[in-house]
Amino acid sequence: MAKVVQFDKPGGPEVLKLREIDVAAPGPGELRVEVHAIGLNRAEIMYREGSYFYPPTHPSGLGYEAAGKVEAVGDDVSGFAVGDPVSVLPTFLQTEYGTYGDHILVPAAAVVMRPPDLAPEKAAAVWMAHLTAYGALVEEHPTRPGDHVLITAASGSVGLAAIQTAQRIGAVPIATTRTPSKRERLLEAGAAHVIVTGEEDLHARVKDITEDAGVRAVLDPVAGPGVDALAEAVSPGGRLLVYGALDPRPTPLPNAKSFPALSTRTYAVFEITTDPARLARGVAFVNAGLTTGAVKPAIDTTFDLPDIADAHRYMEQNSQIGKIVVTIPH
């Protein structure tokens with residue numbers, strides 16, 4: 001029997017239930033993985049609440065990321081053997097598979113080998129964040145050395161990954177945070193500049209940092225009316241990528257009345273993870289960073305699997321710096 005997290009209706013963290021179920025043998029193209037650590041993502045909160053871009057089917061599992069070892073190999077799967085240390089990447093819908101459990105089935109296409117010296121907790125904190133940052137800064141609209149990149153809500157796992165990715169490119173990461181308590185941590189994480197939006201004028205600070213040139217790119221998980229102010233910070237020919245919806249209010253076309261010379265679009269990591277060629281490039285990019293130490297998984301805190309509801313409550317407080325990870329001893 002496996003212990004898995006499921007929920008029967010949309011709602012708050014209290015709807016998450018830890019249940020014992022039978023996990024079948026892997027089918028064609030699948031692996032069964034013994035999970036040692038799970039990386040949590042805000043997408044799972046939205047999915048649990050019923051506000052994600054696709055609805056759950058109940059009873060539903062959830063979760064996009066995990067690390068552990070291969071327990072069984074399905075037909076038509078090559079390149080994996082029982083006992084291999086692996087990481088699970090976000091390539092699937094949560095209505096199809098989920099990672100919140102101690103033994104899970106996942107598509108083999110969602111699994112990559114984990115370096116044996118990379119602890120499961122750290123491996124579970126890598127892929128969603130760093131593939132998102134890779135796609136936004138490298139694959140989608142290549143960022144150049146010397147470009148300024150504005151990273152909003154930068155204390156999240158994607159924000160920290162974007163700081164590291166910008167550094168690897170030779171770009172200049174500018175991080176934003178609402179409160180001064182996170183300023184030093186973001187500077188320690190590699191941000192060249194930190195703008196505390198609760199105390200400072202964003203546009204004025206960007207003009208000062210970039211000597212009036214503006215930023216080449218903005219990565220924003222918030223959306224909502226605030227994109228107008230972000231667009232004002234973009235240099236001609238730059239772009240604004242919105243990759244989340246933390247603000248549930250409508251998101252306008254930024255500064256449409258002034259016809260700014262910037263491109264604006266929404267972006268999701270699935271543009272990378274569901275395209276085999278793009279995914280292969282992203283995996284190579286992240287693995288190279290893991291090898292050299294340029295990719296540094298940032299973990300805020302860990303929880304045990306029976307405390308999954310508390311882990312979600314903590315994530316909803318928006319106080320973390322880095323990834324929230326659930327660990328599972330075996």
Side-chain angles (χ1 to χ4, degrees), residues 41-42 125-126 128-138 140-141 143-224 226-235 238-247 254 262 267 269 289 294-300 315 317-324:
N41 296 285
R42 192 159 298 278
V126 170
M128 174 71 89
H130 281 272
L131 286 176
T132 300
Y134 163 81
L137 293 176
V138 180
E140 168 55 30
H141 185 166
T143 305
R144 305 164 302 196
D147 284 345
H148 288 86
V149 179
L150 184 63
I151 303 163
T152 68
S155 59
S157 58
V158 174
L160 296 176
I163 289 172
Q164 294 177 22
T165 302
Q167 285 182 315
R168 292 179 68 188
I169 296 167
V172 182
I174 305 170
T176 78
T177 181
R178 287 181 296 178
T179 60
S181 61
K182 296 180 179 180
R183 184 200 300 269
E184 288 304 315
R185 290 286 300 277
L186 288 170
L187 290 170
E188 291 170 2
H193 307 274
V194 176
I195 302 174
V196 179
T197 56
E199 299 179 347
E200 301 175 280
D201 181 273
L202 175 72
H203 194 217
R205 286 280 283 123
V206 168
K207 288 185 67 176
D208 180 58
I209 292 167
T210 65
E211 298 180 345
D212 291 333
V215 298
R216 167 78 170 170
V218 176
L219 274 65
D220 177 51
V222 181
V227 297
D228 260 340
L230 298 178
E232 292 178 3
V234 180
S235 62
R239 90 275 195 203
L240 166 60
L241 265 67
V242 177
Y243 67 90
L246 298 179
D247 188 333
L262 75 150
Y267 162 75
V269 70
V295 169
K296 305 175 184 68
I299 299 174
D300 178 273
M315 185 160 46
Q317 294 173 9
N318 297 321
S319 60
Q320 75 270 16
I321 299 177
K323 197 81 163 181
I324 300 168

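Residue numbers run from 1 in the order of the sequence given.
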Test item: [X] side-chain N/O and [Y] main-chain N/O as donor-acceptor pair under 3.5 Å:
X	Y	answer
Glu232	His203	no
Arg205	Val196	no
Asp300	Ile321	yes
Ser235	Val215	yes

- request: Output all residues satisfying side-chain contact (heavy atoms from CB on, under 4.5 Å) with Ala161, sequence neighbours left out; order by chain, then residue number.
  value: Ala129, His130, Ala133
[atom2] on [Y] to [atom1] on [X], rounded to 0.5 Å:
X	Y	atom1	atom2	result
Arg178	Ile195	CZ	CD1	15.5 Å
Ile174	Leu186	CD1	CG	13.0 Å
Gln167	Ile169	CD	CD1	10.5 Å
Leu230	Thr152	CG	OG1	6.0 Å
Leu219	Thr176	CG	OG1	11.0 Å
Arg216	Leu150	CZ	CG	14.5 Å

- line: Contacts of Asp208 meeting salt bridge (Lys or Arg N to Asp or Glu O under 4.0 Å) (sequence neighbours excluded), chain-then-number -> none
message: Apply side-chain contact (heavy atoms from CB on, under 4.5 Å) to residues Asn41 and Lys323 and explain how you reach the verdict.
response: CA-CA 8 Å; Asn41 296 285; Lys323 197 81 163 181; 2.6 Å; yes
- prompt: Counting heavy atoms not belonging to Glu211, are there more than 12 under 6.0 Å from its CD?
  reply: no
- request: Evaluate whether atom CZ of Arg183 has more than 12 neighbouring non-hydrogen atoms of other residues, nucleotides or ligands under 6.0 angstrom away.
  value: yes
Of all the heavy-atom pairs spanning [X] and [Y], show the shortest one and how long it is.
X	Y	answer
Ser155	Leu160	O-CD1, 3.9 Å
Leu137	Ala166	CD1-N, 4.0 Å
Val149	Ala171	CG2-CB, 4.1 Å
Leu202	Ala229	CD2-O, 4.2 Å

- request: Any chance you could lay out the side-chain contact (heavy atoms from CB on, under 4.5 Å) test for Asn318 and Arg42, step after step, and finish with the verdict?
  value: CA-CA 10 Å; Asn318 297 321; Arg42 192 159 298 278; 2.6 Å; yes
field: Qualifying residues under side chain to side chain donor-acceptor pair (under 3.5 Å), relative to Thr177, sequence neighbours excluded
entry: none
What I'd like to find out is whether the side chain of [X] reaches to under 4.5 Å of the side chain of [Y], using heavy atoms alone.
X	Y	value
Glu199	Thr179	no
Arg168	Val295	yes
Asp201	Lys207	no
Val269	Val158	no

